Number of protein chains: 2
Amino acid sequence: MTSEPIETALALLGRQGTYRVLRALLDGPMRFGELQGVTRLLPRTLSLRLKEMDAMGWVVREQFAEVPPRVEYRLTPAAVALEPLLRAVEAWAEEHA
Amino acid sequence: MTSEPIETALALLGRQGTYRVLRALLDGPMRFGELQGVTRLLPRTLSLRLKEMDAMGWVVREQFAEVPPRVEYRLTPAAVALEPLLRAVEAWAEEHA
DNA sequence: CCGTATCCCACGAGATACTG
DNA sequence: CAGTATCTCGTGGGATACGG
């Protein structure tokens with residue numbers, strides 16, 4: 001067995017907030033504060049999750065040289081490709097809640 | 001937000017061994033020992049996972065009055081309905097490993 | 001605004017040993 | 001055979017406070 005990449009992906013998907021962040025960013029890039037509001041995650045948790053998703057190649061951090069500072073996060077193509085998977089969970093939950 | 005059932009399902013899917021157990025049982029019912037062999041999980045971990053999957057309504061434990069004792073685990077229809085989801089992760093991993 | 005630093009608690013999971 | 005009992009360690013995540 002040892003389907004390593006699959007299990008790594010599932011592990012991250014199962015962590016607190018990953019699903020919410022993905023769902024939010026599928027509608028387009030967002031700033032840290034916006035993500036915080038829509039996902040209702042503590043800054044610490046959101047920060048950790050974004051770092052993990054970055055390390056996973058799911059998210060890209062883009063910093064703008066402005067005042068006040070502005071940072072946006074957007075999904076990589078690999079993360080966008082997770083959408084069918086999200087739809088599958090949602091469809092499942094709809095049926096078997 | 002608060003898509004509770006979705007996140008609960010994802011959380012369990014992300015735990016150690018859940019994917020392996022699901023994949024194994026999709027081929028038909030199996031005994032504890034067989035599951036242990038094919039998933040290569042410690043008895044403790046496998047036991048915990050099966051209990052959680054049971055509580056989740058994904059798995060049914062069937063005990064036979066035999067000597068030596070025989071116990072089989074099989075998936076519920078709700079768990080079988082997760083297969084498209086598993087295929088989606090596998091397809092994703094295939095593309096974006 | 002965008003995070004990081006701490007402190008703390010709970011629990012997930014490995015290893016090993018033991019029982020109905 | 002099919003698990004449970006312990007012990008231990010590491011980490012996930014909540015709350016609050018602070019820094020660039």
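The shown structure was predicted, so the numbers you read here are calculated from the model rather than taken from an experiment. In what follows, chains are A, B, ... by sequence order, proteins preceding strands, each numbered from 1.
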Mark yes or no for whether A:R20, through its side chain, and A:T39, through its backbone, hold a donor-acceptor pair below 3.5 Å.
yes
Counting N and O atoms only, with roles assigned by atom type, does the side chain of A:S47 sit under 3.5 Å from a partner on the main chain of A:P43, one being a donor and the other an acceptor?
no
Between [X] ([atom1]) and [N] ([atom2]), how many Å, whole number?
X	N	atom1	atom2	value
A:E52	D:dG13	CD	P	7 Å
B:L42	C:dA17	CG	P	13 Å
A:K51	D:dT11	NZ	P	17 Å
A:E66	C:dC1	CD	C1'	11 Å
A:D54	C:dG3	CG	C1'	15 Å
B:L12	C:dG12	CG	P	11 Å
B:L50	D:dA2	CG	P	12 Å
A:Q63	D:dG20	CD	P	15 Å

Any Lys/Arg nitrogen of A:R70 or A:E72 sitting under 4.0 Å from an Asp/Glu carboxylate oxygen of the other?
yes
Tell me whether A:E90 is salt-bridged to A:R23, with the criterion being a basic N under 4.0 Å from an acidic carboxylate O.
yes
Please determine, for the side chain of [X], which listed nucleotide ([options]) has the closest atom?
X	options	value
A:Q16	C:dA13, D:dG14, D:dG20	D:dG14
B:F32	D:dT4, D:dG3, D:dG14	D:dG3
B:R61	C:dC2, D:dG3, C:dT4	D:dG3
B:V71	C:dG20, C:dC1, D:dG3	D:dG3

Nearest-nucleotide check on DNA chain D, A:P43 vs A:G14; residue mapping nearer the 5' end is A:G14
Under 4.0 Å between a side-chain N or O of [X] and OP1 or OP2 of [N]?
X	N	answer
B:Q36	D:dG3	no
B:S47	D:dA2	no
A:T45	D:dG12	no

Would B:Y73 and B:E34 count as having a side-chain donor-acceptor pair, cut-off 3.5 Å?
no
By the 4.0 Å heavy-atom rule, please label B:F64 as base, sugar-phosphate, or nothing.
nothing
What is the nucleic acid contact for B:R31, judged by heavy atoms within less than 4.0 Å: base, sugar-phosphate only, or nothing?
sugar-phosphate
Does B:R44 make a side-chain donor-acceptor contact with the base of C:dA13, cut-off 3.5 Å?
yes
